[in-house]
Amino acid sequence: MEGGNIRQWLNFLVCALLFLIAEASYVPITYLQNAVAKGAVCLDGSPPAYHFDRGSGTGINNWLVAFEGGGWCNNVTTCLSRKTNRLGSSKQMAKQIAFSGIMSNMQIFNPDFYNWNRIKVRYCDGSSFTGDVEEVNPVTKLHFRGARIFAAVMEDLLAKGMENARNAIISGCSAGGLTSVLHCDRFRALLPGGARVKCLSDAGYFINARDVTGAYHIQQYFSQVVTTHGSARNLPQSCTSRLSPKLCFFPQYLASHITTPIFFVNAAYDSWQIKNILAPGVADPEGHWHSCKLDINNCSPDQLDLMQGFRTEFLRALTVLGNSSYKGMFIDSCYAHCQTEMQETWLRSDSPELEKTTIAKAVADWFYERRTFHQIDCPYPCNPTCHNRVFGPEDDHQGKNVTSKGTSDASARKLNFPKLTNKAQWIELVCINGGINGLLLTLGLMRKQEKANPIGLNNFVALYRLQ
């Protein structure tokens, strides 16, 4: 009996490991050493970097350039604190990172973009790639050169084949999602006139709203970012010609003037915005909102009322987009932040849906003009498909997080084993017919059949995951 239990656990472990491996691919880092001479450097003066997974087959001339998020630094003190981590120095960046969700190279997880050229641009300037200050303080040695990094990365990618793009998307999450808004038309201008070029902003629609004390804390914060980084000259002129540059960090003031098609994926109860715009620490010194911000299930009725009010303001800020097919949206009612680069929220059997449509399908249908998508969810807690973020007590707004249906950290992901179907015959051999022995048997069969039916281990595992 004891041996049988051990064998069952070993079988479970094999299957679990296979699932975790299958959901993401790992892509090495590329440092732009030649950008240093142009002054295009991170906060600490190190070269900018990106991760590049080349396209293949029908995707060879299609390009997805995603910009990493990570908030902003608004003064010398906060920018100095970044010099010792990946958000201010490429010396501190991981040598390889996982590509998942819209960045995945597996057709079953990312059917419309899997074989594109997929690039993840690392974030180390703290200004959503808008800063450009020539002088370098000899004491702090801080470099505010985000706009130069954007230009250097674009120049490098154009030389590597992007100049021949037929389809292209600039995207990003959080501060990276704001990057895709601020640089949307600039990206379009770099590419061939006949190419289909569009922009995708994930959790980048930050709104100019009052906090719980009635103050415009976020407006003051963005004003400091613009001043510190010298961002004004690199923000869209369609906005700065009308408004103060500090307001041009808010998409609601510039989205209607973006001429390139753009799609917004955002939670109406964006967890970052709830934590840092509605109830920032400065507006809640006694910590009444602390538990609520960690988990929406902990919020009091009064706090939920204020969050519903925030949603109303958020939807009002979206009205500038109108009903144009050029400007799509997927606005769910989840307590979430960033949903396109995590497999669990991009495309999986239990991913968030609006009108029975996943984010992956909504974005792809809009991009390829198969149909328009302009959906706004009903109020919380109406959507049972939501993955609501749950933060650990030790997490700050940049910390790791889990969700009620899984986690964004693969090492801690809760596994959900769906019912097998006939489509899952390969994985069935492993997980039902013998575990470890089944794995060895299946790999042998796969090797024999590779020429006739080249399925590959990752796709073989993935067949099961989405059943």
Side-chain angles (χ1 to χ4, degrees), residues 53-67 99-120 157 161-173 176-177 180-181 183-205 255 258-266 321-332 338-343 345-349 351-376 459 462 466:
D53 197 5
R54 284 196 173 272
S56 62
T58 57
I60 197 71
N61 289 317
N62 299 336
W63 294 74
L64 171 61
V65 184
F67 285 81
F99 275 17
S100 186
I102 194 174
M103 304 298 288
S104 174
N105 66 354
M106 296 175 61
Q107 185 173 8
I108 198 163
F109 289 137
N110 188 26
D112 290 280
F113 308 110
Y114 74 98
N115 63 350
W116 284 33
N117 295 284
R118 287 155 290 104
I119 298 93
K120 183 66 172 284
L157 294 178
M162 195 169 71
E163 63 181 1
N164 300 315
R166 294 179 182 174
N167 295 289
I169 296 174
I170 179 177
S171 74
C173 145
S180 68
V181 176
H183 292 281
C184 181
D185 286 337
R186 187 174 289 120
F187 181 72
R188 161 70 271 188
L190 295 171
L191 297 173
R196 181 193 281 121
V197 181
K198 301 188 179 184
C199 311
L200 170 63
S201 173
D202 178 8
Y205 206 94
I258 295 174
T259 59
T260 307
I262 186 168
F263 194 102
F264 293 93
V265 174
N266 227 106
L321 301 179
N323 294 314
S324 168
S325 61
Y326 272 39
K327 292 178 170 67
M329 64 175 72
F330 186 109
I331 310 298
D332 57 36
C338 294
Q339 300 177 86
T340 62
E341 294 182 29
M342 291 193 297
Q343 196 61 52
T345 46
W346 173 248
L347 178 60
R348 213 171 65 180
S349 60
S351 294
E353 293 184 352
L354 292 182
E355 296 295 318
K356 298 182 179 179
T357 303
T358 61
I359 296 173
K361 182 166 176 52
V363 171
D365 283 352
W366 172 83
F367 179 83
Y368 284 110
E369 293 152 22
R370 298 191 286 247
R371 67 163 172 155
T372 59
F373 200 88
H374 231 261
Q375 295 296 327
I376 296 176
N459 285 325
L466 289 184

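Both backbone and side-chain heavy atoms feed into the values below; hydrogens, waters and symmetry mates do not. Bear in mind the structure is a predicted one, so any value in this text is a computation, not a measurement.
The main-chain N or O of C184 is never found under 3.5 Å from a side-chain atom of R188 such that the two would form a donor-acceptor pair. Although no hydrogens or angles enter the test, the distance criterion places a donor-acceptor pair under 3.5 Å between the side chain of N117 and the main chain of N62. Using modelled atom types, one side-chain atom of Q343 and one backbone atom of G101 make a donor-acceptor pair closer than 3.5 Å. Proximity of a side-chain donor or acceptor of R166 to a complementary backbone N or O of N61 within less than 3.5 Å is not detected. Between the side chain of D202 and the main chain of T340, a donor-acceptor pair closer than 3.5 Å is present. Side-chain N or O atoms of N266 include one that pairs as donor or acceptor with a backbone N or O of Y205 at under 3.5 Å.
Between the CE atom of M103 and the CG atom of D53 there is a distance of 8.0 Å, given to the nearest 0.5 Å. For the atom pair CH2 (W116) and OG1 (T58), the distance works out to 10.5 Å, reported to the nearest 0.5 Å. R54 contributes atom CZ, which lies 14.0 Å from atom CG of N115 (distance to the nearest 0.5 angstrom). The distance from atom NZ of K327 to atom CD1 of I258, rounded to the nearest 0.5 Å, is 6.5 Å. Between the OG atom of S351 and the CE atom of M342 there is a distance of 10.0 Å, given to the nearest 0.5 Å. Going from atom CD1 of I359 over to atom OG1 of T345 covers 5.5 Å, rounded to the nearest 0.5 Å.
With sequence neighbours excluded, the residues satisfying side-chain contact (heavy atoms from CB on, under 4.5 Å) with S171 are L64, A66, I169, L200. Listed by chain and residue number, K361, R370, R371 satisfy the side-chain contact (heavy atoms from CB on, under 4.5 Å) test with D365 (two or more places apart in sequence, or in another chain). For T260, the side chain to side chain donor-acceptor pair (under 3.5 Å) partners two or more places apart in sequence, or in a different chain, are D185. Residues satisfying the side-chain contact (heavy atoms from CB on, under 4.5 Å) test with E163, not counting sequence neighbours, are L158. The salt bridge (Lys or Arg N to Asp or Glu O under 4.0 Å) search around R196 returns E369, not counting sequence neighbours. With sequence neighbours excluded, the residues forming a side-chain contact (heavy atoms from CB on, under 4.5 Å) with A362 are F263, F330, T357, F373, listed by chain and number.
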- Residues K198, W366; criterion side chain to side chain contact (heavy atoms under 4.5 Å, CB included); working and verdict: CA-CA 10 Å; K198 301 188 179 184; W366 172 83; 3.6 Å; yes
- Message: Between V363 and W346, is the side chain to side chain contact (heavy atoms under 4.5 Å, CB included) condition met? List the steps.
- Response: CA-CA 10 Å; V363 171; W346 173 248; 4.0 Å; yes
- Message: Could you walk me through whether M162 and I119 satisfy the side chain to side chain contact (heavy atoms under 4.5 Å, CB included) test, starting with their C-alpha distance in whole Å, then the side-chain angles of each, then the deciding distance to 0.1 Å, before giving a yes or no?
- Response: CA-CA 11 Å; M162 195 169 71; I119 298 93; 5.9 Å; no
- Message: With side chain to side chain contact (heavy atoms under 4.5 Å, CB included) as the criterion, how do F99 and N105 come out once you've worked through the C-alpha distance, each side chain's angles and the decisive distance to 0.1 Å?
- Response: CA-CA 8 Å; F99 275 17; N105 66 354; over 6 Å; no
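Y368 and F113 have parallel rings, their planes meeting at less than 30° on a 0 to 90° scale where 60° marks the start of perpendicular.
Of the N and O atoms on the side chains of N110 and S104, not one donor lies less than 3.5 Å from an acceptor on the other residue.
When all heavy atoms of A203 and C338 are compared, the pair lying nearest together is CB-N, 3.4 Å. Nearest heavy atom pair, residue A165 against residue A195, reads O-CB, 3.3 Å. Among all heavy-atom pairs drawn from G328 and H374, the shortest one is CA-CD2, 4.1 Å.
With a 4.5 Å cut-off on side-chain heavy atoms, V181 and F264 count as touching. Contact check for M329 versus I376: side-chain heavy atoms found under the 4.5 Å cut-off.
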